[in-house]
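Everything on this sheet refers to the single structure shown next.
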Protein chains: 2
Amino acid sequence: MTHQTVGHPPRPGLPDDPLASVGEPTPSCPVEVTLAALRGRWTTLVIRELLRGDRTFSELRQALPALSDKVLSDRLAHLVQVGVLDRRRQADWPPRTHYGLTPHGRRLGPVLQALWDWGAQQPPPASEP
Amino acid sequence: MTHQTVGHPPRPGLPDDPLASVGEPTPSCPVEVTLAALRGRWTTLVIRELLRGDRTFSELRQALPALSDKVLSDRLAHLVQVGVLDRRRQADWPPRTHYGLTPHGRRLGPVLQALWDWGAQQPPPASEP
DNA sequence: CTGAATCCCTGCCGATACTG
DNA sequence: CAGTATCGGCAGGGATTCAG
């Protein structure tokens, strides 16, 4: 069976790392860190939109019409706080705010790709109750 | 998967797949599929435990002492339903139930690894509000 | 235009108690 | 041993309204 066990290169292993021994969900677990960053409905769609390039508040609202102002604002604030997004206000009038991914946020690309790849695989036919 | 790159200069982000144009969170988006599978507190820890090998209900409870019976039961049922886990009852007495990852579930390894890797990176110092 | 404040409703998850 | 039943607290998120 080819499975990652003891004795692999200096790569942080998932089940083998000491930190992977946490007995409860805690912010010190890197997996929890990432899931916390992606937490919340619409979050990944906002990131996807910004992976295509910088956007303003209105542009994001236009791209995601079913997303309310409040939640969009919440998501953006959250993503800025965890260092995924960068906010650049425009002193002009009308006030425009541009959002873009930080380098750290851009590294979420491979993560979303991994999520995409697994979800695109056909699961075995589940039995319905 | 059709990967028509539409002139992303330096860093192509998410796949430029037609499905990536969804305007709202929907089960048809593969990213949502995966996040739905991983949804819920304790879920990734249960998977991590089973990445190390098959476990019974009690063994999982022992490995995650702060997890209540009900939630553990919920998580296991959910993961079985989405095709991540495989349940094998023992007709014997006392009744033992063995849980193990399906091939599909085992492919979550790289996904969790991607989540781990990003979360393990040092984010830029967050600005204070 | 870009957000913050408020209200309400829903679903999660923890605790406890009970069954095959 | 391996779950299900039930209840309650609390946070997430949608709609609306108001402010800078």
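The chains referred to below are lettered A, B, ... by the order of the sequence lines, with proteins before strands, and numbering in each begins at 1. Only a predicted model underlies this, so the values are computations on that prediction, with no experimental measurement involved.
- Of the N and O atoms on the side chains of A/Asp117 and A/Gln113, at least one donor lies less than 3.5 Å from an acceptor on the other residue.
- One can place CG of B/Leu45 at 13 Å from P of C/dC13, the figure rounded to the nearest angstrom.
- Listed nucleotides D/dG3, C/dG3, D/dG20 differ in distance to B/Ser73; the shortest reach to its side chain belongs to D/dG3.
- With rounding to whole Å, B/Leu76 atom CG is found 16 Å from D/dC1 atom P.
- The distance between atom CZ of A/Arg61 and atom P of D/dA15, rounded to the nearest whole Å, is 13 Å.
- Contact annotation: B/Tyr99 reaches the phosphate of D/dG3 (side-chain N/O to OP1 or OP2, under 4.0 Å).
- Applying the side-chain contact (heavy atoms from CB on, under 4.5 Å) rule to A/Pro103 yields the partners A/Arg106, A/Arg107; only residues at least two apart in sequence or on another chain are considered.
- In this structure, the side-chain hydrogen bond (donor to acceptor under 3.5 Å, both in side chains) partners of B/Arg88, at least two apart in sequence or on a different chain, are B/Asp54, B/Asp86.
- Among residues at least two apart or in separate chains, side chain to side chain donor-acceptor pair (under 3.5 Å) pairs with a member in residues 62-71 of chain A are A/Arg61-A/Asp69.
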Is there any protein nitrogen or oxygen under 3.5 Å from a nitrogen or oxygen in nucleotides 5-14 of chain D, and what are the pairs?
from	atom 1	to	atom 2	distance (Å)
D/dG13	OP1	A/Arg41	N	2.9
D/dG13	OP2	A/Arg75	NH2	2.5
D/dG13	O5'	A/Arg75	NH2	3.4
D/dG13	N7	A/Lys70	NZ	3.2
D/dG14	OP1	A/Arg41	NH1	2.5
D/dG14	OP2	A/Trp42	NE1	3.1
D/dG14	O6	A/Lys70	NZ	3.1

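- Following rounding to the nearest Å, A/Arg96 (CZ) and C/dG3 (P) show an atom-to-atom distance of 12 Å.
- Shortest non-hydrogen contact noted between B/Pro65 and A/Gly23 is CD-O, 4.4 Å.
- In this structure A/Glu59 satisfies the side-chain contact (heavy atoms from CB on, under 4.5 Å) test together with A/Arg55, A/Thr56, sequence neighbours excluded.
- The nearest whole Å value for the distance from the CZ atom in B/Arg88 to the P atom in D/dG3 is 13 Å.
- Which of C/dG20, C/dG3, D/dG3 sits closest to the side chain of A/Thr97 comes down to C/dG3.
- The interatomic distance linking A/Phe57 (CZ) with D/dG20 (P) rounds to 17 Å, in whole Å.
- Between the CG atom of B/Leu79 and the P atom of D/dG3 there is a distance of 13 Å, given to the nearest Å.
- Take A/Arg87 and apply the side-chain contact (heavy atoms from CB on, under 4.5 Å) test, not counting sequence neighbours, and it matches A/Val80, A/Arg89, A/Thr97, A/Tyr99.
- Rounded to an integer number of Å, the gap from NE2 of B/His78 to P of C/dC13 is 11 Å.
- Under 4.0 angstrom from either OP1 or OP2 of D/dG3 there lies at least one side-chain N or O belonging to B/Arg87.
- Taking only side-chain atoms of B/Asp69, from C-beta outward, the nucleotide of D/dG20, D/dG3, C/dG3 with the closest atom is D/dG3.
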